[in-house]
Amino acid sequence: MGTARAAGGDFALLRRFDPAALHEAAAGWRRLSAAAEEARAQHRQRVDGPLRGHWRGADADRAFRAMAGTERELDVVRVEAASAALVLETVAERMGQAGTNLSNALRRADEWQLPVAEDGTVGLPPQTPADRHDPDARVQRQRDLLLRAGLQQRVDAALAAAREASDQGARALGRLGADVLTQPRLFGTLRECAADARRVAADLGLATPYVPDNRDPARSAAWWRSLTPERQQDLLALHPDLVGRLDGLPATVRDRANRLVLAQRLDALEAGNAKGSGLTYEQWGARQSGLRALAERLDGGGGSGGREGEQDGVQPLLLLALDPDGDGRAVVAIGDPDTADHTAVLVPGTGTTLNQVPGQIDRVTLLRDSARQAAGPGQRVAVVSWLGYDAPEVDGSVLTTRRAEAGAEDLRRFTGGLRVSAGDRRSHLTVIGHSYGTTAVGAAAAGGAGLQADDIVAVASPGMAAEHAADLHLDPDHVWAGTARDDDVSLATGTTLGPDPTLPAFGARSVGIDTSGHSGYWDPGSESLANQGRIIAGRTPNPSGPR
């Protein structure tokens, strides 16, 4: 009897079920998720970032630790609220479909004149004694029996689907308790809520959502535009690693995803240890310190600004890609490439790992400042540090083009993605390589359809994996090369990586270099830096004198 009453109650509830209330609740949780993300961004831009620019000392360290805890809690709310919204939306859709199936079955029962009891039991029309001796009535009775059996299956299936959806939802919501915030801990909350999101999806029987394979930026961009804002928000909160890697998506979208990936990966490292990870303690510590330095550099912004679109004079830094594994990869832009009139991509060379990215951000900041001085009034400049390949170590790997060729398609896809995400706004695009980075740039520019660049610059090049400037899918008049007189890279230039691009036979144009050594090309106030800025701004640099 208990089972019958439960079934009857379920039947009555499903008949009355209206998914609108669950959808409204899901929308509320989604608004909370968006508000937490916005609060996190505003805190970074208006509080944490500006303070990091000048506040130092023990008090500052304590304050920044406290603010970091607040920002972690906001990230937790963002993910947990998005998970709650996903649960409620999924349950609403599944129970709504079950209710629709039940209503359809009940309409058929009315059409076939089959009574349905309050507990969902499908009956048969009443039969008179005369019907039992009427051949036609007996045939109709057999037909009614078959119809009843089919309808009962449909009613039972609708009720079972509703119960399953309700049970799955209850189990999934049970994972999202507030203890992730109320139980005090220094690290691990982001790791836990990311695990909660995965478990919630498993409880609901949801497969990993479809995301393009990142082979075609145009296809990735079209896919993203096809999604509703709500679906975009869910993916950014629950699957940031899948979204943040996609070339062709808006730079601000990738930044939103990758900053969450960075926070989650750093939290997991700080909460864990090297045991069982496959890393040595030194590697674990180096990865942790590299991610922490990157996070602090991103939170601190890109220096003084003050133009339209910049918050409180701080130039925006956008994290366009992140992969902490191995030596680590990261792509960081100062300024928004999607709205820039002039965009540059700087590809670093030998020995560059994730730990060196903050220094690369300093270089692109100097490049952007130089280009802004050379650009026309009101023109916007964005410069990207692209460590999107496995740069060689100071060993035998630097003597071959293998690393450059392995990263060539990734660089082509990235610059092609910049063109796609900017839409009809065609920015003047310059790709700059330094040291072995020029080999990577040359391999990418010479292959496929090239880099879609307006200018290519090679500084301190040991060779560009190409015989001539004309091989780079670009007018040689827009290929520039320069090397400092005392740069030791000249000892390797023209050996195993291709001819010296500064020699007339290569066909590139000379760019004036007045700095010393292998890393001085971005010295403030130098002609080397000014000339790179001029090229980025679409102007002609000063030529070099005889080597």
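What you see is a predicted model; the values in this text were computed from it and never measured.
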Visitor: For residues Leu279 and Trp284, determine if any side-chain heavy atom of one lies less than 4.5 Å from a side-chain heavy atom of the other.
Guide: yes
Visitor: Charged N to carboxylate O below 4.0 Å: is that the case for Glu89 and Arg30?
Guide: yes
Visitor: Please step through side chain to side chain contact (heavy atoms under 4.5 Å, CB included) for the pair Gln264 and Val79, ending with a clear verdict.
Guide: CA-CA 11 Å; Gln264 290 174 339; Val79 175; 4.1 Å; yes
Visitor: Taking side chain to side chain contact (heavy atoms under 4.5 Å, CB included) as the definition, give me every residue that meets it alongside Val357, ordered by chain and number, with sequence neighbours left out.
Guide: Leu294, Ala330, Val332, Leu354, Ile361, Leu387
Visitor: Are the side chain of Asn258 and the backbone N or O of Leu319 linked by a donor-acceptor pair below 3.5 Å?
Guide: yes
Visitor: Is Asp213 salt-bridged to Arg219, going by a charged N under 4.0 Å from an acidic O?
Guide: yes
Visitor: Going from CG on Leu238 to OG1 on Thr208, what distance comes out if it is rounded to the nearest 0.5 angstrom?
Guide: 12.0 Å
Visitor: Would you say Val122 and Trp112 make side-chain contact, with heavy atoms under 4.5 Å?
Guide: no
Visitor: Can you see which heavy atom on Ala286 is nearest to which on Asn355, and at what distance?
Guide: O-ND2, 3.3 Å
Visitor: Looking at Arg154 and Leu102, would you say the former's side chain and the latter's main chain have a donor-acceptor pair under 3.5 Å?
Guide: no
Visitor: Checking the side chain of Asp267 only, and the main-chain atoms of Ala263 only, is there a donor and an acceptor separated by less than 3.5 Å?
Guide: no
Visitor: Donor-acceptor pair, distance only, cut-off 3.5 Å: does the side chain of Asp48 make one with the backbone of Asp299?
Guide: no
Visitor: Check Val116, Leu114, Thr121 against Gln152 for a side-chain contact (heavy atoms from CB on, under 4.5 Å) and give me the one that passes.
Guide: Thr121
Visitor: Is the shortest side-chain heavy-atom distance between Val77 and Ser33 below 4.5 Å?
Guide: no
Visitor: Could you verify whether a donor N or O on one side chain and an acceptor N or O on the other, from Gln168 and Arg94, lie under 3.5 Å apart?
Guide: yes
Visitor: Going by distance alone, is a donor N or O of one side chain under 3.5 Å from an acceptor N or O of the other, for Thr353 and Gln356?
Guide: yes
Visitor: Run the side chain to side chain contact (heavy atoms under 4.5 Å, CB included) check on Leu13 and Phe17 step by step: do they pass?
Guide: CA-CA 6 Å; Leu13 287 172; Phe17 177 74; over 6 Å; no
Visitor: What's the shortest heavy-atom distance between Gly388 and Arg329, and which atoms?
Guide: O-NH1, 3.2 Å
Visitor: Assess whether atom CD of Gln113 is packed by more than 12 heavy atoms of other residues, nucleotides or ligands within 6.0 Å.
Guide: no
Visitor: Please determine whether a side-chain nitrogen of the Lys or Arg among Arg107 and Asp110 lies less than 4.0 Å from a carboxylate oxygen of the Asp or Glu.
Guide: no
Visitor: Between CG of Leu235 and CD of Glu230, what distance do you get to the nearest 0.5 Å?
Guide: 12.0 Å
Visitor: Do Asp10 and Arg163 touch side chain to side chain, with heavy atoms closer than 4.5 Å?
Guide: yes
Visitor: Should Arg297 and Asp362 count as an ion pair when the cut-off is N to O under 4.0 Å?
Guide: yes
Visitor: Before giving the answer on side chain to side chain contact (heavy atoms under 4.5 Å, CB included), spell out for Leu146 and Gln142 the whole-Å C-alpha distance, their side-chain angles and the decisive distance to 0.1 Å.
Guide: CA-CA 6 Å; Leu146 293 174; Gln142 291 298 318; 5.8 Å; no
Visitor: Taking Thr352 for the side chain and Pro348 for the main chain, is one N or O donor matched with an acceptor at less than 3.5 Å?
Guide: no
Visitor: Return the minimal non-hydrogen interatomic distance between Leu246 and Pro212, and the atom names on each side.
Guide: CD2-O, 3.6 Å
Visitor: Quick check against the 3.5 Å criterion: does Arg254 have a side-chain atom that pairs as donor or acceptor with the backbone of Leu320?
Guide: yes
Visitor: Measuring from atom OG of Ser427 to atom CG of Asp341, what distance do you get when rounded to the nearest 0.5 angstrom?
Guide: 6.5 Å
Visitor: Got a donor-acceptor contact below 3.5 angstrom from the Ser166 side chain to the Ala162 backbone?
Guide: no
Visitor: Going by distance alone, is a donor N or O of one side chain under 3.5 Å from an acceptor N or O of the other, for Gln42 and Glu38?
Guide: yes
Visitor: Is there a side-chain contact between Arg78 and Leu260 (heavy atoms, below 4.5 Å)?
Guide: yes
Visitor: Which atom names give the shortest non-hydrogen contact between Pro217 and Arg215, and what distance separates them?
Guide: CD-O, 4.0 Å
Visitor: Take the angle between the ring planes of His428 and His342 and call it parallel below 30°, perpendicular above 60°, tilted in between.
Guide: perpendicular
Visitor: Determine, stepwise, if the pair Arg148 / Asp144 fulfils salt bridge (charged side-chain N to carboxylate O under 4.0 Å, His left out).
Guide: CA-CA 6 Å; Arg148 182 185 68 171; Asp144 288 342; over 6 Å; no
Visitor: Go through Arg259 and Arg44 one step at a time and tell me if the side chain to side chain contact (heavy atoms under 4.5 Å, CB included) criterion holds.
Guide: CA-CA 11 Å; Arg259 282 182 184 266; Arg44 180 177 67 247; 3.2 Å; yes
Visitor: Measure the shortest side-chain to side-chain distance between Arg419 and Arg426 over non-hydrogen atoms and say whether it is less than 4.5 angstrom.
Guide: yes
Visitor: Are Thr343 and Val383 side-chain neighbours, meaning at least one heavy-atom pair lies under 4.5 Å?
Guide: no
Visitor: For the backbone of Leu86 and the side chain of Asp234, can you confirm whether one donor and one acceptor N or O come within less than 3.5 Å of each other?
Guide: no
Visitor: Would Asp338 and Arg425 pass as an ion pair if we require N to O under 4.0 Å?
Guide: no
Visitor: Please say whether more than 12 non-hydrogen atoms of neighbouring residues, nucleotides or ligands are located less than 6.0 Å from CD in Glu24.
Guide: no
Visitor: Is it true that Arg413 and Asp247 make a salt bridge, defined as a side-chain N closer than 4.0 Å to a carboxylate O?
Guide: yes
Visitor: Taking atom CH2 of Trp29 as the centre, report whether more than 12 heavy atoms of other residues, nucleotides or ligands fall under 6.0 Å from it.
Guide: no
Visitor: What heavy-atom pair brings Ala449 and Arg412 nearest, and what distance separates the two atoms?
Guide: N-CD, 4.4 Å
Visitor: Can you tell me how far the CH2 atom of Trp224 sits from the CZ atom of Arg231, to the nearest 0.5 Å?
Guide: 9.5 Å
Visitor: To check you understand the geometry: which heavy-atom pair defines the closest contact between Ala92 and Leu22, and what is its length?
Guide: CB-CB, 3.6 Å
Visitor: Find the distance between CG (Leu411) and OH (Tyr389) and round it off to the nearest 0.5 Å.
Guide: 9.5 Å
Visitor: Are the charged groups of Arg256 and Glu37 less than 4.0 angstrom apart, N to O?
Guide: yes
Visitor: May I ask you to say whether Asp325 pairs ionically with Arg265, meaning some side-chain N is under 4.0 Å from a carboxylate O?
Guide: yes
Visitor: What's the spacing between Asp75 CG and Glu80 CD if we round to 0.5 Å?
Guide: 11.5 Å
Visitor: Can you check whether Val364 reaches Val384 side chain to side chain, under 4.5 Å on heavy atoms?
Guide: no
